[in-house]
Amino acid sequence: MGLFCMRKEADLMMDEFGRKLDYMRVSITDRCNLRCQYCMPEDLPLISHLDILSYEEILRLCAVMAGMGIRNVKVTGGEPLTRKGAVPFILKLKALPGIEHITLTTNAVLLNPHIEALQQMKLDGINISLDTLSPVIYKKITGRDEFHQVWLALNSALNAGLQVKINCVPIKGINEQEILSFVNLAKDLPLNIRFIELMPTGAQGKFMGVSSDEIITLIAGKYLDLEPDPTKHGFGPARYFKSNQLKGSIGIISAISNHFCSTCNRIRLTSEGFLKLCLYHSDGLDLRKMLREGARDAEIETAVKMAVYQKPERHFFGYENSESGIEKMSRIGG
């Protein structure tokens with residue numbers, strides 16, 4: 001057991017700042033069936049299907065990455081379930097040697113018919129993006145009348161015993177008044193409620209997010225025993241809190257007001273096959289080009305190691321006059 005753990009540690013990719021990279025977000029499509037105002041406006045041009053990686057190409061890259069120390073994979077989009085064959089693909093992904101933990105991020109509109117299959121394959125978790133508990137506000141945010149379908153899928157996933165997290169982006173003037181309503185869900189349900197600071201992407205200039213300090217202060221005013229939970233942690237940047245009044249936990253992702261770049265352990269594979277090293281920066285590697293020009297696995301591995309070593313030290317979101325290489329979030333995979 002000790003030797004196995006040592007081998008896994010040695011296999012991990014590392015950048016020049018000593019950060020060990022074991023987590024990859026994999027976008028399988030830029031398509032989405034919602035049009036959330038801060039993420040994917042109606043007029044966003046879509047990528048040609050020919051420019052999207054095939055499942056076979058994604059699996060090959062994930063196998064190479066697993067051999068280099070990637071242990072945790074999150075399947076994202078766009079909305080991943082809009083792509084035909086997404087669930088069988090996830091099953092094949094779970095079978096790759098070295099991959100230990102796979103989760104799915106979804107808006108849950110198309111989730112319900114897949115609950116049984118995801119339960120049977122023992123998916124490690126589902127992150128449901130949901131910014132409001134009001135059908136009226138849901139339609140305002142997403143441009144679609146799908147709240148009841150999402151709520152049905154969320155409860156079906158819980159009833160099936162799947163680990164469910166809700167990802168909520170509080171936005172001033174739109175849904176900030178619902179923060180405590182989301183927390184209250186965790187009183188009776190084994191839900192992890194995660195609040196994510198609004199990222200400067202898409203049409204974000206029209207909106208103002210709620211800072212993590214504001215969120216924690218508000219929750220602590222209602223749940224007086226709220227405290228950090230050192231026993232609860234995921235593979236990403238969330239800080240978790242607990243209360244004796246809650247069955248679930250509260251997570252905070254404070255990418256803007258309290259960045260976590262010094263402990264960043266992630267890379268992203270976009271649906272176009274670009275290995276993105278940081279959400280803010282444009283640095284990365286065109287893996288689709290390498291695949292389609294006949295590169296061998298060993299050549300891909302060498303190129304990835306060189307690219308990853310140069311992972312930027314930090315982002316500069318929130319800084320005046322900062323210029324990022326960020327595109328629309330639906331193309332990156334969150």
Side-chain angles (χ1 to χ4, degrees), residues 32 34-40 74 76-77 79 103-109 111 125-144 146-155 157-158 162-204 207-223 226 229 232 234 236-243 246-258 329-330 334:
C32 188
L34 300 181
R35 289 296 181 271
C36 297
Q37 298 177 48
Y38 63 84
C39 176
M40 190 176 184
K74 183 176 294 296
T76 73
E79 167 49 44
T103 56
L104 170 70
T105 291
T106 173
N107 60 36
V109 171
L111 177 62
I126 298 176
N127 291 14
I128 294 179
S129 300
L130 182 63
D131 295 327
T132 178
L133 300 176
S134 161
V136 173
I137 298 177
Y138 182 93
K139 187 174 182 180
K140 178 181 178 181
I141 292 174
T142 68
R144 303 291 186 267
E146 299 284 3
F147 175 82
H148 296 292
Q149 190 64 33
V150 173
W151 191 248
L152 173 64
L154 188 156
N155 283 280
L158 287 174
L162 290 164
Q163 296 294 313
V164 179
K165 296 176 182 177
I166 290 180
N167 288 343
C168 174
V169 179
I171 302 173
K172 291 186 177 181
I174 296 181
N175 65 341
E176 63 178 324
Q177 73 282 0
E178 295 189 67
I179 291 173
L180 288 178
S181 296
F182 273 99
V183 174
N184 291 340
L185 289 178
K187 291 176 67 174
D188 301 314
L189 299 172
L191 278 170
N192 293 322
I193 309 295
R194 306 199 309 174
F195 296 104
I196 304 173
E197 288 183 338
L198 179 66
M199 300 290 289
T201 61
Q204 82 290 340
F207 308 104
M208 180 177 293
V210 182
S211 74
S212 60
D213 286 345
E214 291 176 277
I215 295 169
I216 293 170
T217 298
L218 177 64
I219 299 171
K222 174 70 179 296
Y223 293 88
L226 190 76
D229 186 353
K232 181 74 178 177
R239 293 176 292 140
Y240 286 95
F241 297 81
K242 64 180 179 178
S243 164
L246 302 176
K247 282 188 177 181
S249 61
I250 305 303
I252 304 290
I253 300 179
S254 51
I256 306 302
S257 66
N258 184 23
M329 188 65 84
S330 59

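Between F147 atom CZ and I137 atom CD1 the span is 10.0 Å, to the nearest 0.5 Å. With values rounded to the nearest 0.5 angstrom, K139 atom NZ is found 14.0 Å from T132 atom OG1. Between the CG atom in L191 and the CD1 atom in I193 there is a gap of 4.5 Å [rounded to 0.5 Å]. Atom SG of C168 sits about 8.0 Å away from atom CG of L133, to the nearest 0.5 Å. With rounding to the nearest 0.5 angstrom, the CD1 atom of I126 is 12.0 Å from the NZ atom of K165. Atom OG of S129 and atom CD1 of I166 lie 10.0 Å apart (nearest 0.5 Å).
R239 and S254 get closest at one heavy-atom pair: NH2-OG, 3.5 Å. Annotation for L185 and W151: closest pair CD2-CH2, 3.8 Å, computed over non-hydrogen atoms. The nearest pair of heavy atoms linking E79 to A108 is OE1-N, 4.4 Å. Contact between L180 and K222 at its shortest, heavy atoms only, is CD2-CB, 4.0 Å.
Looking at I128 and L111, their side chains come closer than 4.5 Å, going by heavy atoms from C-beta outward. Side-chain contact between N192 and V164 is absent, with no heavy-atom pair separated by less than 4.5 Å. Looking at heavy atoms from C-beta onward, N107 lies in side-chain contact with C32 at the 4.5 angstrom threshold. In this structure the side chain of L130 never reaches within 4.5 angstrom of the side chain of N167, judged on heavy atoms.
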Applying side-chain contact (heavy atoms from CB on, under 4.5 Å) to R194 and N127, what does each step give before you reach the verdict? CA-CA 9 Å; R194 306 199 309 174; N127 291 14; 3.1 Å; yes
Using the side-chain hydrogen bond (donor to acceptor under 3.5 Å, both in side chains) rule, take K74 and T103 through it: C-alpha gap first, then chi angles, then the decisive distance, then the call. CA-CA 5 Å; K74 183 176 294 296; T103 56; 2.7 Å; yes
Between Y240 and I250, does the side-chain contact (heavy atoms from CB on, under 4.5 Å) criterion hold? Intermediate values first, please. CA-CA 5 Å; Y240 286 95; I250 305 303; over 6 Å; no
Hey, mind stepping through I219 and F241 against side-chain contact (heavy atoms from CB on, under 4.5 Å) and telling me if it holds? CA-CA 10 Å; I219 299 171; F241 297 81; over 6 Å; no
Residue pair D131, Y138: steps toward the side-chain contact (heavy atoms from CB on, under 4.5 Å) verdict: CA-CA 7 Å; D131 295 327; Y138 182 93; over 6 Å; no
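Between the side chains of E197 and S211, no donor-acceptor pair is found at a separation under 3.5 Å. S249 and D229 form no side-chain donor-acceptor contact under 3.5 Å, judged by distance and modelled atom types alone. When only modelled atom types and interatomic distance are considered, Y223 and N184 share a side-chain donor-acceptor pair under 3.5 Å.
Residue pairs meeting the salt bridge (Lys or Arg N to Asp or Glu O under 4.0 Å) criterion with at least one member in residues 172-193, sequence neighbours excluded, are K172-E214.
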